[in-house]
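Contents: one structure, followed by commentary.
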Amino acid sequence: MEEGIEQLTFTNIAKKAGISRSGINAHFKRKDDLFNELKSKIVDRLVSTFNFNSPQEFYESWITNFNSDAEFRRIIVGAGAFFSMDDGINGLKDAIKGNPVEVDMYIKMAVGHSVINTMK
């Protein structure tokens with residue numbers, strides 16, 4: 001999460017952990033196995049960041065964190081490795097309190113903000 005999804009390789013993990021790459025492979029046969037292990041940590045980090053009390057408060061919490069928290073931004077940019085777009089959006093729709101039409105609109109605005117500002 002600190003360095004971004006592109007740095008999440010077995011070789012880099014082995015170096016950071018101070019073990020051999022085969023040691024990593026003993027725990028995780030495929031990269032998907034590693035992603036499945038990390039998924040709950042990603043969800044916990046995002047849930048602790050968002051305000052789900054209303055669509056607008058959700059949007060404001062997303063924008064504030066995207067603009068000010070580099071780790072949050074890296075998680076959002078790399079989220080596709082952990083969640084399908086449908087799973088991510090449906091999970092947000094289930095969590096945000098409020099009118100479903102507004103919830104949908106604010107989720108799209110938040111994602112749009114991230115896409116536009118990632119390309120800068």
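In what follows, every heavy atom counts, from backbone to side chain, and hydrogens, waters and symmetry copies are set aside. Numbers here simply count residues along the sequence, with the first being 1.
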Indicate, with yes or no, if M85 and V43 share a hydrophobic cluster defined by side-chain heavy-atom contacts under 4.5 Å among Ile, Leu, Val, Met, Phe, Trp and Tyr. yes

Nearest 0.5 Å, what's the CZ-CZ distance between F10 and R21? 6.5 Å

Please assess I107 against K93 for the test side chain to side chain contact (heavy atoms under 4.5 Å, CB included), listing each intermediate value before the final yes or no. CA-CA 8 Å; I107 290 171; K93 286 180 180 180; 3.7 Å; yes

Taking I96 as the fixed residue, which of N99, L92, D94 is the one that meets the side-chain contact (heavy atoms from CB on, under 4.5 Å) rule? L92

Heavy-atom side-chain proximity of F28 to E37 below 4.5 angstrom: yes

Given the rule in the side chain to side chain contact (heavy atoms under 4.5 Å, CB included) test, do Q56 and E60 qualify, once you have shown the distances and angles that lead to the verdict? CA-CA 6 Å; Q56 184 169 353; E60 289 168 359; 2.9 Å; yes

Do L8 and L38 come close enough that some side-chain heavy atom pair is under 4.5 Å? yes

Applying ring pair (Phe, Tyr, Trp, His ring centres under 6.0 Å), name anything that partners F83, two or more places apart in sequence or on another chain. none

Is R73 positioned over the aromatic face of F66, cation under 6.0 angstrom from the ring centre and no more than 45 degrees off axis? yes

Flag for N67-H113: side-chain donor and acceptor within less than 3.5 Å: yes

Less than 4.5 Å apart, any side-chain heavy atom of I19 and any of I13? no

Nearest 0.5 Å, what's the OG-OH distance between S54 and Y106? 8.0 Å

Find the distance between NZ (K39) and CD1 (I42) and round it off to the nearest 0.5 Å. 11.0 Å

Contact between R45 and F72 at the side-chain level, heavy atoms closer than 4.5 Å - yes or no? yes

Should R30 and D33 count as an ion pair when the cut-off is N to O under 4.0 Å? yes

So does S61 get a backbone contact from the side chain of N65, meaning a donor-acceptor N/O pair under 3.5 Å? yes

Verify side chain to side chain donor-acceptor pair (under 3.5 Å) between S22 and S20, making sure each step is shown before the conclusion. CA-CA 5 Å; S22 60; S20 68; 2.9 Å; yes

When rounded to the nearest 0.5 Å, the distance separating CZ of R74 from CG of D69 is 8.0 Å

Would one find more than 12 heavy atoms of other residues, nucleotides or ligands at under 6.0 Å from atom NZ of K15? no

Distance from M109 atom CE to F58 atom CZ, nearest 0.5 Å? 10.5 Å

Quick check for you: to the nearest 0.5 Å, what is the distance between F50 atom CZ and T64 atom OG1? 11.5 Å

Flag the pair F82 / F35 as yes when their ring centroid distance falls below 6.0 Å, and as no otherwise. yes

S114 and W62: side chain donor to acceptor below 3.5 Å: yes

